[in-house]
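Here's the structure we're looking at; comments come further down.
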Amino acid sequence: MIEINRKQDCCGCTACAAICPKDAIVMKEDNEGFLYPAVDKETCINCGMCERVCPIIHTAKENSSEQAAYIVQNKDPKVLRESTAGGAFTAIAKYILRNNGVVFGVELSTDLTAHHVAVETENDLYRFRNSKYVQSSVGGVPTDRLSPS
């Protein structure tokens, strides 16, 4: 069973809550508005799946390799004006959508909460533009298009 004793030991990714086969983990907001897992010990079956999926407990090893960097800027002035990082995301997302893909991103709601959503049309890509410096809610994103048909 996952236990978070120090806030720096949790990134709030919600993977533990998503993988729990008994829904024994819920994400609860702290006094600063950040989400952390809370385990219902009565419901938990101690399967360990939450700990196995945790990216903090199981950090990926970095492979040292030479890296290249690219500077990208969208050619569309409207997209460029509405973007915070050169508009590269929009160009890549359009390519994915034109090839029958689905694009997932973070949208800021009118109540100023950030949550992940999926879009299937280029007209909806505006929803992902601009930075959101808050923790986002991953739950509820439809995944039916992720499996091969």
Side-chain angles (χ1 to χ4, degrees), residues 1-72 82-149:
M1 152 182 4
I2 199 157
E3 286 190 44
I4 308 300
N5 297 317
R6 300 177 316 152
K7 288 183 179 183
Q8 62 260 34
D9 292 336
C10 180
C11 64
C13 69
T14 74
C16 56
I19 203 165
C20 181
K22 295 294 182 180
D23 293 324
I25 302 173
V26 295
M27 301 301 289
K28 292 201 173 174
E29 201 172 288
D30 71 357
N31 61 346
E32 295 177 320
F34 292 98
L35 299 174
Y36 294 96
V39 181
D40 177 351
K41 294 178 181 177
E42 299 288 322
T43 308
C44 178
I45 58 172
N46 291 308
C47 65
M49 291 180 74
C50 54
E51 292 176 345
R52 285 194 295 277
V53 76
C54 179
I56 302 297
I57 294 173
H58 301 286
T59 56
K61 292 185 176 157
E62 286 190 39
N63 294 327
S64 185
S65 63
E66 188 174 320
Q67 297 182 10
Y70 299 92
I71 296 174
V72 179
E82 294 174 355
S83 301
T84 54
F89 171 82
T90 299
I92 295 165
K94 281 183 178 183
Y95 174 82
I96 291 168
L97 292 172
R98 289 174 185 167
N99 286 280
N100 200 32
V102 178
V103 176
F104 293 83
V106 177
E107 172 181 60
L108 196 61
S109 299
T110 53
D111 66 353
L112 301 180
T113 58
H115 61 277
H116 286 72
V117 294
V119 300
E120 297 185 62
T121 68
E122 291 182 25
N123 289 339
D124 286 330
L125 290 176
Y126 74 92
R127 296 166 66 181
F128 301 147
R129 293 198 188 112
N130 294 314
S131 297
K132 299 119 187 128
Y133 297 105
V134 294
Q135 187 175 23
S136 63
S137 171
V138 181
V141 177
T143 56
D144 57 325
R145 290 276 321 266
L146 297 179
S147 303
S149 311

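Position 1 is the first residue of the sequence, and the numbers go up from there.
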Self-check item: Residues Val119, Phe104; criterion side-chain contact (heavy atoms from CB on, under 4.5 Å); working and verdict
Solution: CA-CA 6 Å; Val119 300; Phe104 293 83; over 6 Å; no

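Taking Arg52 as the reference, Met49 meet the side chain to side chain contact (heavy atoms under 4.5 Å, CB included) condition, with sequence neighbours excluded. Contacts of Thr110 classified as side chain to side chain contact (heavy atoms under 4.5 Å, CB included), with partners at least two apart in sequence or in another chain: none. Not counting sequence neighbours, the partners of Asp9 by the salt bridge (charged side-chain N to carboxylate O under 4.0 Å, His left out) test are Arg6. Listed by chain and residue number, Ala15, Ile19 satisfy the side chain to side chain contact (heavy atoms under 4.5 Å, CB included) test with Val53 (two or more places apart in sequence, or in another chain).
Here Glu3 contributes atom CD and Cys10 contributes atom SG; the two are 13.0 Å apart, rounded to the nearest 0.5 Å. The line from CZ of Phe128 to OG1 of Thr90 is 10.0 Å long, rounded to the nearest 0.5 Å. For the atom pair NE2 of His115 and OG1 of Thr113, the computed distance is 6.5 Å after rounding to the nearest 0.5 Å.
Pairs of residues two or more places apart, or lying in two chains, that qualify as side chain to side chain donor-acceptor pair (under 3.5 Å) and include a residue from residues 22-48 are Lys7-Asp30, Asp40-Thr43.
Salt bridge absent: Lys132 and Glu107 never bring a charged side-chain N and a carboxylate O closer than 4.0 Å.
Listed here is the closest heavy atom pair of Leu97 and Glu122: CD1-N, 3.7 Å. Summarising the geometry of Arg129 relative to Ser83, their closest heavy-atom pair is CD-OG, 3.8 Å, with the distance given to 0.1 Å. Residue Ile25 comes nearest to Cys16 through the heavy atom pair CD1-O, 3.7 Å, listed as atom of the first residue, atom of the second, then distance. The two residues Ala88 and Val72 have their closest heavy-atom pair at CB-CG1, 3.6 Å. Between Ile4 and Pro37, the closest heavy-atom pair is CG1-CG, 3.7 Å.
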Could you pull out every donor-acceptor pair under 3.5 Å between side chains of residues 54-67 and any protein atom, sequence neighbours left out?
unit_1, atom_1, unit_2, atom_2, d
His58, NE2, Glu51, O, 3.1

